*Asks:* 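Quick one: structure below, then a few questions.
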Amino acid sequence: MKLSNMIVLGLVSIGAAAVLLPFVWMLSISVKPHAEVFSTDISLFPRSPTLQNYWHAIAETDIPLYLMNGVIVTGGILVLQLLFTIPAAYALAHREFLGRKALFASVVAALLVPFHVTAIPVFIGFAEMKLLNTYTALIIPFTATAFGLFLLRQAFARIPAELIDAARIDGMSEMGIAWRVAFPLGMPTVIAFAIFSVTAHWNDLFWPLIATTDPDLATPPRGILFFRDEESGDDIGPLMAGATLVIAPLVIGFLLAQKRFTQGLASTGLKG
Amino acid sequence: MNGSLALENVTKRFGSFTAVDNISLELKEGEFVALLGASGCGKSTTLRLFAGLETVTEGDVKLQGRDVTKASASERNIALMFQSYALYPHLTVAQNIAMPLKLRRLSAVQRLPGAHLLSAGVKSQEEDIQQAVKKMSEMLRLDQLLDRKPGQLSGGQQQRVALARALVRDPSAFLLDEPLSNLDTQLRAETREEIRAIHQRTGYPFLLVTHDQSDALSMADRIAVMMAGKIVQVGTPAEIFNTPATQEVATFIGHHRMNILPAGVAQQLHESTSGLSLGIRPEELTIVQEGGLPATVDTVTFHGEETILKLRGPNDLVLRSVLRGRSDLPNEGEQVLLGANRNALHGFDSDGKRAEIAK
């Protein structure tokens, strides 16, 4: 092995260790019994590993409810996003209409605006409409996504115009073309976008913190906060077990879809 | 008049650009028409106007005498085979061929997966469609390939799938957009014959759009030559080749580009041509012993069956002559006299229009 390779490998290993250490520590604490968590010496591996913390987190806290809320909110967001974005992206890519260029330019401009800028107006609007503390408040602000629109428009623009014309000749409606031709052909990009969307909204703490105060509506990261407040910090084991349960679906999902994820990223031409 | 499709005084403008300028063209029942022109002349736009993929700016489109100017492509029930074949890459060959029928015969609800399990009507419709797909795939020798995806097929096979998908719907007219340009020479000749055979068997009106004059000459019953958005001549292949209406058509048609002698030089070859240019096909321009046009041989290129001479005539006029099967070829740099049979001369006036000349 060449020296330069060894140096690169060494740096990557240090980076990976730095990123992974908190997770490893979390896992380690989550399987330690209560007494061992507060012992004075530090050990990475528990002396008497136990799953008791997990049992505690599942059976005696609201974490299963938070996970359920996470599924409802992220699933709702993703379904609505695809429902609106796929026909819109198809129209932007393959239909001639007045103002198409201006519309696409405004989509690109909207990419530059972080959600935090619009969060307060949206919050006030929802407050006026008495929508705060509902699933609707957690889902609706994210259904129109400039990022998804941009990503899918770019993917659909690569579909040859002749194929779209062929579908029209065959008698397919414009909506039919969006769903039966553009959607399946843009599938790698759709999957990449779905992973982005689910990851972002599963992990989102900012908006649930603003839009909801009801613990019954808490998404997983919000739920962890409620849990920490309740337990007032002395029950670290179940807290870590809960945190592990919250990130587990994403990690497992990522590992299963790893190949498609990196493929999708490569094919969208967007890096990082 | 069943089965005829016609454009009547049709103009198509994109912004200030006139792509198609007041043309009229009719596809009669059972007729094979070729629309021939260089790229950018508006022939693809004309095809899209026939198909209903573009709407006309002015004029009418008639299908079997009915006004279909506003009707969409699928309402006109026109089949179109694209240059790139435009098969659905995510569907199998069988699904590709079945698609037009499914969209035509089944409603959106009936197309849902599993609908045939619930409704006997849908089931019998789907069986009919499968039957039609089977028949079409046997006719085009695709029956072994029905479960493949288009990406797994050769170019020729993809083209047959595109043909099958176009023909399965029993169209009112069949439009072909440059169908041969993606094929190699061998396959090209076979496909020409195959398309001719399909035309004869089905009897649909065919419109072939091509930039290749030999495709048009060899396949069509009638050729419409299009230049700069206008149709400049319509006629049988023989008429187009033997009596081109303008100098532009004359130089466009023919395997070797026609020689044009400007007015002054032309009189050295034919005395009664005052003010006219003369066109002579290179195949007709031969070396004579006396009384011809003096020229110097620039290059001699051997092509097997034929030899192409590039010559320099009076006023540095570049001429080409194609000699077939001759052993007494001139050498490069040699002075020769050129002549031609009077019947092979084409006269053109100063506007480039055909002018009859005394034989």
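What you see is a predicted model; the values in this text were computed from it and never measured.
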*Asks:* Is it the backbone or the side chain of B:Q83 that comes under 4.5 Å from a heavy atom of chain A, or both, or neither?
*Replies:*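 Both backbone and side chain.
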*Asks:* Is it the backbone or the side chain of B:N77 that comes under 4.5 Å from a heavy atom of chain A, or both, or neither?
*Replies:*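 For B:N77, no heavy atom lies under 4.5 Å from chain A.
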*Asks:* Using a cut-off of under 4.5 Å for heavy-atom pairs, which of B:S72, B:A162, B:S84, B:P171 has the most such pairs with chain A?
*Replies:*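 The option with the most such pairs is B:S84.
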*Asks:* Please determine whether a side-chain nitrogen of the Lys or Arg among B:K102 and A:D170 lies less than 4.0 Å from a carboxylate oxygen of the Asp or Glu.
*Replies:*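 Result for this pair is no, no salt bridge flagged.
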*Asks:* Quick one: pull up CG in B:L91 and CZ in A:R180 and give me the separation to the nearest 0.5 Å.
*Replies:*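 Output value for this atom pair is 8.0 Å.
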*Asks:* Side chain, backbone, both or neither: which part of B:I78 has a heavy atom under 4.5 Å from chain A?
*Replies:*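 Just its backbone gets close to chain A.
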*Asks:* Would you find more than 12 non-hydrogen atoms of other residues, nucleotides or ligands less than 6.0 Å from A:L98 atom CG?
*Replies:*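 No.
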*Asks:* Taking side chain as C-beta onward, heavy atoms only, is A:M172 less than 4.5 Å from B:M99?
*Replies:*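 The answer is yes; the side chains approach within 4.5 Å.
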*Asks:* Against chain A, work out which of B:R104, B:R76, B:R165, B:E75 has the most heavy-atom pairs shorter than 4.5 Å and name it.
*Replies:*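 Maximum pair count with chain A is reached by B:R165.
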*Asks:* So, do A:L163 and B:P89 sit near enough that their side-chain heavy atoms are less than 4.5 Å apart?
*Replies:*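 In contact.
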*Asks:* Take atom CZ of A:R100 as the centre, draw a 6.0 Å sphere, and report whether it contains more than 12 heavy atoms from other residues, nucleotides or ligands.
*Replies:*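 Above 12, so yes.
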*Asks:* With a 4.5 angstrom heavy-atom cut-off, which part of A:I169 approaches chain B: side chain, backbone, both or neither?
*Replies:*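 Backbone plus side chain of A:I169, per the 4.5 Å heavy-atom cut-off to chain B.
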*Asks:* Pick one of side chain, backbone, both or neither for B:L87, based on which atoms fall under 4.5 Å of a heavy atom in chain A.
*Replies:*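 For B:L87, the contact with chain A is made by the backbone alone.
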*Asks:* Is it true that a side-chain atom of A:E162 and a backbone atom of B:A86 form a donor plus acceptor pair closer than 3.5 Å?
*Replies:*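 Not confirmed, A:E162 side chain does not pair with B:A86 backbone.
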*Asks:* Within a 6.0 Å radius of atom CZ on A:F23, are there more than 12 heavy atoms belonging to other residues, nucleotides or ligands?
*Replies:*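 Atom CZ in A:F23 is not packed in, count stays at 12 or less.
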*Asks:* Would you mind checking if B:R48 and A:D165 are paired as a salt bridge, meaning a charged N to carboxylate O distance below 4.0 Å?
*Replies:*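 Counted as a salt bridge, because a side-chain N and a carboxylate O are separated by less than 4.0 Å.
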